[in-house]
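Chain identifiers are assigned alphabetically (A, B, ...) following the order of the sequence lines, protein sequences preceding nucleic acid strands; residue numbering begins at 1 within each chain.
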Amino acid sequence: MKYDFTAIEAKWQKRWLEQSLYKAETGGEKEKFYALIEFPFPSGVGLHVGHARPYTAMDVIARKKRMEGYNVLFPMGYDAFGLPTENYAIKNHIHPRTVTERNVGTFRSQLQALGYSFDWDREVNTTDPSFFKWTQWIFLQMFKRGLAYKAKMPVNWCTSCKCVLANEEVVEGVCERCGSPVVRKERSQWMLGITKYADRLIDDLEGLDYPERVKTQQINWIGRSYGAQVRFGTTLGDDITVFTTRPDTLFGATYMVLSPEHALVQQWMPHLENADEIKAYQALAAAKSDMERTELSKEKTGVCLKGVMGINPVNGKEIPIFISDYVLATYGTGAIMAVPAHDTRDWEFAKKFGLPIVEVIAGGDVEQAAFTDVTTGTLVNSGFLDGMSVAQAKKAIVAWLEEKGIGEAKKNFKLRDWVFSRQRYWGEPIPVVHCEKCGTVALPESELPLLLPDVESYELTDDGESPLASITDWVNTTCPCCGGPARRETDTMPQWAGSSWYYLRYMDPHNDQALASPEALKYWSPVDWYNGGMEHTTLHLLYSRFWHKFLYDLGVVPTKEPYAKRTSHGMILGEGGIKMSKSRGNVINPTDVIREFGADTMRTYIMFIGDFEKPASWASNSVKGCKRFLDKVWSLAESVEDRETQYSKANENMMHKTIRKVSSDIEQLKANTALAQLMTLVNQMGEKGCNRAELKTLLQLLSPFAPHMADELWEQKGFEGICSVSAWPAYDEAKCKDAELTIAVQINGKTKGTVQAPADLEREALAQLVQADERIQKAIARVGTNVVKTIVVPNKLVNLIVK
RNA sequence: GCCGUUGUGGUGGAAUAGGUAGACACCCGUGACUUAAAAUCACGUUCCUUCGGGAGUACCGGUUCGAGUCCGGUCAGCGGCACCA
């Protein structure tokens, strides 16, 4: 019979679905295994090969775990709120819900065409009211505990999306999504207090099975640093509080810098001699976009505040105060003490403005460059700190500051609170109302979900208001508190909201009493293995860890951390290692590959392509190689006619070795070498034959990669049940051993040849066997006469040192 | 600049713990089958070679009987952060 993959794949996909073959049951005897992949945003272009790599990898793992007897939860859903859908809807005058439904339909059928073993009864969609009811519920819990709050502050404003962005969404000063410039705007926004969890988000990483680079990237993003907060007096009476990680250099502080936005600047304005100059500088700084700030980072600028001086608390010296945009309003206190001798930025600024540079740590040449080494120097010109090391001086000065009441030890973070509101239509409505009498009031939980109003138009407004603001029927409501007139919040949540907790919903997706039942949460938590992209390390991964910890504090979830293990896949690039993009025309559509070669070939190739964690480039030629391999398996299977139940002598050793290698390689995400081993096995079977017992094992080992073919051949050959839910084959360690081995022979460390030897030969015997070999003797003679030393690695190698 | 990461044939990539570098594929070449092509099968395929061998895992050096693997330095690519005091 011909290998008609189109018919076979359709047949089995239908059967798996009808039988709910991969359904996960909450509870039971089996050990649970929760395998998770990042759910896709259902875009209009459909699934691309970038999805297929992580999805196939986790499907292989889920399938193998299932065959090993685990109760596997492997779910899928759609992260369907978001700007691209809304923009498409606006452009084409369709409702975003319609667009979403259509795109989800495409994605679902593409996912099914790839033969993934999802439990389709647990599918979720973030735009489904029964789902976002609970997104809103979690928000309300945060609001009630002061973790969601409204604040007027400078925010990132995307000039094209006409919408605010979280810090995490700004990449190199432009919008992460559309690449348009981002500017700063003063706006009242909903914020989530992620900084309250900063310490725990760092500390709880310990013990998690995450790649080291993911951990360090999160740690760096959160940016915890230890130092001191110090109050400097001024000649106008008000104190300036600064944060510094180098309190040991306090004696070297020769001037101060405030950020242009600092409140004291406004307050002092009437007393300042150069107010016009200062205002001009403030205006200039405010007009700069983030990108411009970055670009202009080389040359320091600033203005001295004339009419006020700071007072260094350690020596009482009066020092000038500047404003400069190299000091950020949003970090620390928005003000610094400048120590030009030991800070590169301060040094540059001091050189430009001719300010004194006072060395307080000996060890460098502070006229040439700032000396920033904290490990070697000794304190000088620093009164009671003189002679101490940096570490000693830090302790001593902090103790001194605390004693005098002018400063204290302090810890700071780069992480900012999460700007959580978006001025767009296609997102979860924020479930609060604004009442003149009662202020901002939470909607009662009984009124959830708060649905989006169905409207004709959700065009953007130019004044930066959400499209919802113009829908007066919906906006005007009554206050749940006093019954008086009130207005609904018109901003919606960002796309990251639904994905911050979706993995919990999979555990119990149809529950209408809670986001998931306590039993289901207890049974399935935590996610055992979560694979996703590196690009989500400081976005989704950080956000969802934060929400999870909040839910843990509420007593909703039973674990501190959502994901026990995290892995990351490399990107799939186009032919020749170039990024796939529409404009280059090198985008590979999985559907085309499936049509031409079949899903099993697509799956096998995407797993064979290379190291899973590294980027890999698509090679159409190599796809053919994988098709050839599956064709070989097909014809090999067809040729098997016997009724053997034992492995043949010729193949036994190879069978056991293959089971061992495939089993462990899958577990380590090394599907490429697992497949290489299977290819080697099939090549050997081509020579030495394949009996029924061997075929059975081969199909089982192949099943995670090419499940359609495995199930089909299994059925055709009359094996019992269904291959993809049969019991994973076992191997015998003893039978993995070779009877005879190839021993490498080196002379003076260089490999000169090989010798066949029985396994487990004694060192002495092996050395003698090697030296008895004629070719080896010749090789020895070429180098010298005497074997002065022999190094033997049993079963591996003999190295002869010849003089 | 800082943090992380990677450099292996014409290509994708293999090589637990230092122990035969190039598994498994792709491409290419030769042959078989065919009227022919495709497909399939067989053989070859790191480079140099006076056919004895020699060189070789980005580059320079070190440790070792032995280094793709460990250590020091240099160069290049990729990802992240980017005035975080």
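Note on A/Asn683: only backbone sugar-phosphate atoms sit closer than 4.0 angstrom, heavy atoms only; bases stay farther off. Among the protein residues, A/Thr742 comes within range of the nucleic acid bases, having at least one heavy atom under 4.0 Å from a base atom. At the heavy-atom level, A/Asp611 lies under 4.0 Å from the strands shown only through sugar-phosphate atoms. In this structure, A/Lys215 reaches neither bases nor backbone, as no heavy-atom distance under 4.0 Å exists between it and the strands shown. Across all strands, A/Met534 comes closer than 4.0 Å to no nucleic acid atom at all (heavy-atom distances). A/Gly625 comes within 4.0 angstrom of the backbone, heavy atoms only, and of no base.
A/Asp343 pairs by the salt bridge (charged side-chain N to carboxylate O under 4.0 Å, His left out) definition with A/Arg345, not counting sequence neighbours. Looking at residues two or more places apart in sequence or on another chain, you find a salt bridge (charged side-chain N to carboxylate O under 4.0 Å, His left out) between A/Lys627 and A/Asp631. Residues that satisfy the salt bridge (charged side-chain N to carboxylate O under 4.0 Å, His left out) test with A/Lys351, not counting sequence neighbours, are A/Glu367. With sequence neighbours left out, A/Phe349 forms a ring-ring contact (aromatic ring centres under 6.0 Å, His included) with A/Tyr255, A/Phe322, A/Tyr326, A/Phe353. Every ring-ring contact (aromatic ring centres under 6.0 Å, His included) that A/His656 has, sequence neighbours left out, goes to A/Tyr647. For A/Glu408, the salt bridge (charged side-chain N to carboxylate O under 4.0 Å, His left out) partners are A/Arg231, not counting sequence neighbours. Checked against ring-ring contact (aromatic ring centres under 6.0 Å, His included), A/Trp618 has the following partners two or more places apart in sequence or in another chain: A/Tyr605.
Looking at A/Lys300, its side chain comes within 3.5 Å of the base of B/C83 through a donor and an acceptor atom.
For the pair A/Lys632 NZ and B/A42 C1', the interatomic distance rounds to 12 Å; values are reported in whole Å. Summarising the geometry, the separation between NE2 on A/His262 and P on B/A85 is reported as 17 Å, rounded to the nearest angstrom. As a whole-Å value, the separation of A/Lys752 NZ from B/G19 P is 20 Å. When the P atom of B/C81 is taken as reference, atom CG of A/Leu328 falls 16 Å away, rounded to whole Å.
B/U69 and B/G7: their C1' atoms are spaced 14 Å apart (whole Å). Remark: the separation of the C1' atoms in B/G68 and B/U6 is 13 Å, to the nearest Å. If you take atom P in B/C33 and the same atom in B/G52, they sit 34 Å apart, rounded to whole Å. The C1' atoms of B/G12 and B/A67 are separated by 25 Å, rounded to the nearest whole Å. Comparing the P positions of B/A55 and B/G61 gives an interatomic distance of 16 Å, to the nearest angstrom. A distance of about 25 Å separates the P atoms of B/C60 and B/G1, rounded to the whole Å. For B/G9 and B/U46, the C1' atoms lie 4 Å apart once the distance is rounded to whole Å.
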Between N or O atoms, less than 3.5 Å apart, protein on one side and nucleotides 1-12 of chain B on the other: list the pairs.
from, atom 1, to, atom 2, distance (Å)
B/C3, O2', A/Asn220, ND2, 3.3
B/G12, O2', A/Ile609, O, 2.9

Taking N or O atoms only and anything under 3.5 Å, show me the protein contacts with nucleotides 60-67 of chain B, one pair per line.
from, atom 1, to, atom 2, distance (Å)
B/C65, O2', A/Asn799, ND2, 3.4
B/C65, O2, A/Asn799, ND2, 2.5

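Using a 4.0 Å cut-off, no side-chain N or O of A/Lys624 falls inside it from OP1 or OP2 of B/A38. Applying the 4.0 Å criterion to OP1 and OP2 of B/A39, one finds that A/Arg628 has every side-chain N and O outside that range.
Taking a 4.0 Å limit (strictly below) on heavy-atom distances, residues 665-675 of chain A reaches RNA chain B at A/Lys670, A/Asn672, A/Thr673.
When each of A/Ala335 and A/Thr680 is assigned the nucleotide of RNA chain B bearing its nearest heavy atom, the one mapping closer to the 5' terminus is A/Thr680. Heavy-atom distances to RNA chain B give each of A/Phe612 and A/Gly753 a nearest nucleotide, and the one nearer the 5′ end belongs to A/Phe612.
Where RNA chain B pairs in unbroken runs of 3 or more (Watson-Crick or G-U, both distances under 3.5 Å), the stems are B:1-7 with B:75-81, B:10-12 with B:24-26, B:28-32 with B:40-44, B:46-48 with B:53-55, B:58-62 with B:70-74.
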Only pairs under 3.5 Å count here: list side-chain donor-acceptor contacts from residues 743-752 of chain A, not counting sequence neighbours, and write none if there are none.
from, atom 1, to, atom 2, distance (Å)
A/Asn748, OD1, A/Val802, N, 2.8
A/Asn748, ND2, A/Val802, O, 3.4

